[in-house]
J.: 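I have a structure I would like to understand better, so I am pasting it below and will then ask my questions one at a time.
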Amino acid sequence: MTLSAREQYRILADSVAEILPEDEFVAKLERSVQTGVPLRVKLGCDPSRPDLHIGHAVVLEKLRQFQELGHQVIFIIGDFTAMIGDPSGRSKTRPALTLEETKANARTYLEQVGILLDVSRAEIRHNSEWLAGLTFAEVIRLAAQVTVSQMLERDDFHDRFEREQPIALHEFLYPLAQGLDSVHVRADVEIGGTDQRFNFLLARELQKHAGQEPQAIVLMPLLEGTDGVQKMSKSLGNYIAVLDSPREMFGKAMSIPDTLIVRYYRFATFATAEQAQQMEQQLQAGTLHPRDAKALVAERLVARYHGDDAARHAREEFDRMFRHKQLPDEIEIVELELAHPVSVVDALVAAGLVPSKSEARRLIAQGGVSVDGDRVTDIAARLAEQSEFTLKVGKRRFVRLRLRSR
RNA sequence: GGGCGGGUUCCAGAGCGGUCAAAUGGGGCAGACUGUAAAUCUGCUGGCGUGAUGCCUUCGGAGGUUCGAAUCCUUCCCCGCCCA
């Protein structure tokens, strides 16, 4: 069921941020169709951060399309680089991983990828295969292929250089290592987020040096995080993880700013361009309420990772909790041995709802704490002589506390 | 090797002998409002403790001067820029 190059292009070019260079990409597709040889499509993975979020999914979805069109997907586990310790930028201590950790992380990573596409059909390689054995002489020869000013073209290097912030020498080596990966797997296409443009282009240079046809580059848009400003990333804490529970996923999706609704619809739930456009119009015309639009996006998102039932349930629960301010139907139960009388402050800390007593006092003073539905107003309040309480902090932190007397 | 500028609370960044747990912004949290964990507004944001202008621990590390130090001195570590 091989589609023509043109049809493939139409599918693959949809929703990309950029394809570089466009004509080479088309030529590769045409040749693939003619010869029946699938394209080798590379995706690099960072095993130091195995938690996938829905921003990654934008790329994986595209990869899935390649796979469905019969092309060969290649995952490169960056185990070698992870073992050395990625310095990139400001993250101060990103400790070097052991081989075992790297392996375990890679496994988790691929499990999560498996939610979105068929990992069993993909080629999985570790870059330690070819990087670990390089001699220093080879590294120098490699480094000689690129100039410092070329390196400084890269956005973040440039930026840091301008701002007089440190750039460690070995940071220059990472793009080179990544580029070597492309050479070693003979990638026809490399796919990633738009922030990878420089690295991917550098890989083309290395491939040319190695006498290979340079890879085409498919760049996917970077999804903004739930804060609506910065790109989604784990370290910024503005992400929705692929493994988030339905409730969390739904809630986080509901917390995105209105301006992001259509974008999430499109790139997080993979609505078609037409659907997205339609939503946009309805929002503008006022026929679709932003809240409802967001709920639709949230529900579709949950449905993708947890199924339709879970999605519906998450939606109902969200309405119950936030529109009607009732309790969720499942509350974590914490059992503690505390002797009466127990102060509310102590209970909050013991139940793990707040990190310190000072914090608990602050929250009470601000009216953010309730016990069995009644707001606590007194910092020195104590729990009544009963064995079970529902503690609530803010709008969405609940615990059912069971006290056992000793 | 030399010169200069730096290392402050989650982040950025003021402070430069007491009035500093430390300005301001960001982030986070809470409240009000609401259409949601949107937006907006308000408050809080080291720990312990309370009828408190209370106690303790923090300003790269270690010492020291002083009644008193984030602020001065010594030394060590780290970073940036420039010159060589």
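Every chain is numbered from 1, with letters handed out A, B, ... down the list of sequences. Remember, predicted model here, so these are calculated numbers, not experimental data.
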J.: Who passes ring pair (Phe, Tyr, Trp, His ring centres under 6.0 Å) against A/F270, sequence neighbours left out?
T.: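 A/F270: no ring pair (Phe, Tyr, Trp, His ring centres under 6.0 Å) contacts found.
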
J.: Write down the distance separating the P atoms in B/A69 and B/G17, rounded off to the nearest Å.
T.: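 Those two atoms are separated by 14 Å.
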
J.: Calculate the interatomic distance between A/L169 atom CG and B/G80 atom C1'; express it in whole Å.
T.: 16 Å

J.: Which parts of residues 341-360 of chain A get close to RNA chain B, meaning a heavy atom less than 4.0 angstrom away?
T.: A/S356, A/K357, A/S358

J.: Just to confirm, is there a sub-4.0 Å distance from OP1 or OP2 of B/G47 to any side-chain nitrogen or oxygen of A/R361?
T.: no

J.: Determine whether the side chains of A/S128 and A/D79 contain a donor N or O and an acceptor N or O closer than 3.5 Å.
T.: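 On atom types as modelled, these side chains qualify, holding a pair under 3.5 Å.
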
J.: Could you check which nucleotide pairs with B/G1 in any of the strands shown, counting Watson-Crick or G-U wobble with both distances under 3.5 Å?
T.: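 Answer to the pairing question: B/C83, which forms a Watson-Crick or G-U pair with B/G1.
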
J.: Show each protein N/O and nucleotides 34-40 of chain B N/O combination with a separation under 3.5 Å, one pair to a line.
T.:
{"from": "B/U34", "atom 1": "O4", "to": "A/K325", "atom 2": "NZ", "distance (Å)": "3.1"}
{"from": "B/G35", "atom 1": "N1", "to": "A/D258", "atom 2": "OD2", "distance (Å)": "3.1"}
{"from": "B/G35", "atom 1": "N2", "to": "A/D258", "atom 2": "OD1", "distance (Å)": "3.1"}
{"from": "B/G35", "atom 1": "N2", "to": "A/D258", "atom 2": "OD2", "distance (Å)": "2.8"}
{"from": "B/U36", "atom 1": "OP1", "to": "A/R323", "atom 2": "NE", "distance (Å)": "2.8"}
{"from": "B/U36", "atom 1": "O2", "to": "A/M254", "atom 2": "O", "distance (Å)": "2.4"}
{"from": "B/U36", "atom 1": "O2", "to": "A/K294", "atom 2": "NZ", "distance (Å)": "3.1"}
{"from": "B/U36", "atom 1": "N3", "to": "A/K294", "atom 2": "NZ", "distance (Å)": "2.6"}
{"from": "B/U36", "atom 1": "O4", "to": "A/D258", "atom 2": "OD1", "distance (Å)": "2.6"}
{"from": "B/U36", "atom 1": "O4", "to": "A/D258", "atom 2": "OD2", "distance (Å)": "3.2"}
{"from": "B/A37", "atom 1": "O2'", "to": "A/S255", "atom 2": "N", "distance (Å)": "3.4"}
{"from": "B/A37", "atom 1": "N1", "to": "A/R396", "atom 2": "NH1", "distance (Å)": "3.0"}
{"from": "B/A37", "atom 1": "N3", "to": "A/R396", "atom 2": "NH1", "distance (Å)": "3.3"}
{"from": "B/A38", "atom 1": "O4'", "to": "A/K294", "atom 2": "NZ", "distance (Å)": "3.0"}
{"from": "B/A38", "atom 1": "O2'", "to": "A/D258", "atom 2": "N", "distance (Å)": "3.4"}

J.: Could you let me know what B/U24 is paired to, Watson-Crick or G-U wobble, both distances under 3.5 Å, or none if it's on its own?
T.: B/A12

J.: Quick one: which residue pairs count as a side chain to side chain donor-acceptor pair (under 3.5 Å) with a foot in residues 297-310 of chain A, not counting sequence neighbours?
T.: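 Residue pairs with at least one partner in residues 297-310 of chain A: A/E61-A/R304, A/T269-A/R300, A/E299-A/R315, A/D309-A/R312.
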
J.: Please output the side-chain donor-acceptor pairs of residues 285-297 of chain A that fall under 3.5 Å, not counting sequence neighbours, one pair per line with the distance.
T.:
{"from": "A/T287", "atom 1": "OG1", "to": "A/Q282", "atom 2": "O", "distance (Å)": "3.3"}
{"from": "A/H289", "atom 1": "ND1", "to": "A/R291", "atom 2": "N", "distance (Å)": "3.0"}
{"from": "A/K294", "atom 1": "NZ", "to": "A/M254", "atom 2": "O", "distance (Å)": "3.1"}
{"from": "A/K294", "atom 1": "NZ", "to": "A/I256", "atom 2": "O", "distance (Å)": "2.6"}
{"from": "A/K294", "atom 1": "NZ", "to": "A/D258", "atom 2": "OD1", "distance (Å)": "3.3"}

J.: Checking all strands, does A/R315 fall into the base, sugar-phosphate, or nothing category for heavy-atom contacts under 4.0 angstrom?
T.: nothing

J.: When the ring planes of A/Y174 and A/H170 are compared, do they come out parallel, tilted or perpendicular, using 30° and 60° as the limits?
T.: perpendicular

J.: Go through the structure and list residues passing salt bridge (charged side-chain N to carboxylate O under 4.0 Å, His left out) with A/K103, not counting sequence neighbours.
T.: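 Partners of A/K103 by the salt bridge (charged side-chain N to carboxylate O under 4.0 Å, His left out) criterion come out as none, since no residue qualifies.
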
J.: Please measure how far the C1' atom in B/G47 lies from the corresponding atom in B/A62, and state the result in whole Å.
T.: 25 Å

J.: List in chain and number order the residues that pass ring pair (Phe, Tyr, Trp, His ring centres under 6.0 Å) with A/H184, two or more places apart in sequence or in another chain; answer none if no residue qualifies.
T.: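 Once residues adjacent in sequence are excluded, the partners of A/H184 under the ring pair (Phe, Tyr, Trp, His ring centres under 6.0 Å) criterion are A/W130.
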
J.: Would you be so kind as to tabulate the donor-acceptor pairs closer than 3.5 Å made by side chains of residues 369-381 of chain A, with sequence neighbours excluded?
T.:
{"from": "A/D372", "atom 1": "OD1", "to": "A/T390", "atom 2": "N", "distance (Å)": "2.8"}
{"from": "A/D372", "atom 1": "OD2", "to": "A/Q386", "atom 2": "NE2", "distance (Å)": "3.4"}
{"from": "A/R375", "atom 1": "NE", "to": "A/G367", "atom 2": "O", "distance (Å)": "3.3"}
{"from": "A/D378", "atom 1": "OD1", "to": "A/A380", "atom 2": "N", "distance (Å)": "2.9"}

J.: Suppose you measure atom C1' in B/A37 against the same atom in B/C29; what distance do you get, rounded to whole Å?
T.: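 Each nucleotide's C1' atom is 12 Å from the other's.
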
J.: Any salt bridge (Lys or Arg N to Asp or Glu O under 4.0 Å) pairs touching residues 262-274 of chain A, not counting sequence neighbours?
T.: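 Matches after skipping sequence neighbours: A/D14-A/R266, A/E224-A/R263.
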
J.: Is B/U53 paired to anything, Watson-Crick or G-U wobble with both distances less than 3.5 Å, and if yes, which nucleotide?
T.: none

J.: Does B/G43 have a Watson-Crick or wobble partner in any strand here, with both distances under 3.5 angstrom, and which is it?
T.: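 WC or wobble partner is B/C29.
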
J.: Sequence neighbours left out, what passes salt bridge (charged side-chain N to carboxylate O under 4.0 Å, His left out) with A/D346? Give chain and number order.
T.: A/K357

J.: Using atom P of each nucleotide, how far apart are B/G13 and B/U66 to the nearest Å?
T.: 35 Å

J.: Could you measure between the two P atoms, the one in B/C56 and the one in B/G6, and give it in whole Å?
T.: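 That atom pair is separated by 33 Å.
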
J.: Using a strict heavy-atom distance below 4.0 Å, which residues from residues 362-379 of chain A are in contact with RNA chain B?
T.: A/R362, A/L363, A/Q366, A/G367, A/G368, A/R375

J.: Roughly how many Å apart are B/C10 and B/G1, using the P atom of each and rounding to a whole number?
T.: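 It works out to 35 Å between them.
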
J.: C1' atom, B/A70 versus B/C4: distance in rounded Å?
T.: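 Each nucleotide's C1' atom is 23 Å from the other's.
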
J.: List in chain and number order the residues that pass side-chain contact (heavy atoms from CB on, under 4.5 Å) with A/A17, two or more places apart in sequence or in another chain; answer none if no residue qualifies.
T.: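 Once residues adjacent in sequence are excluded, the partners of A/A17 under the side-chain contact (heavy atoms from CB on, under 4.5 Å) criterion are A/T194, A/P221.
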
J.: Over 60° means perpendicular and under 30° means parallel, so classify the ring planes of A/F318 and A/F250, tilted if in between.
T.: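 Tilted.
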
J.: Write down the distance separating the C1' atoms in B/C20 and B/G5, rounded off to the nearest Å.
T.: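 To the nearest whole Å, 25 Å.
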
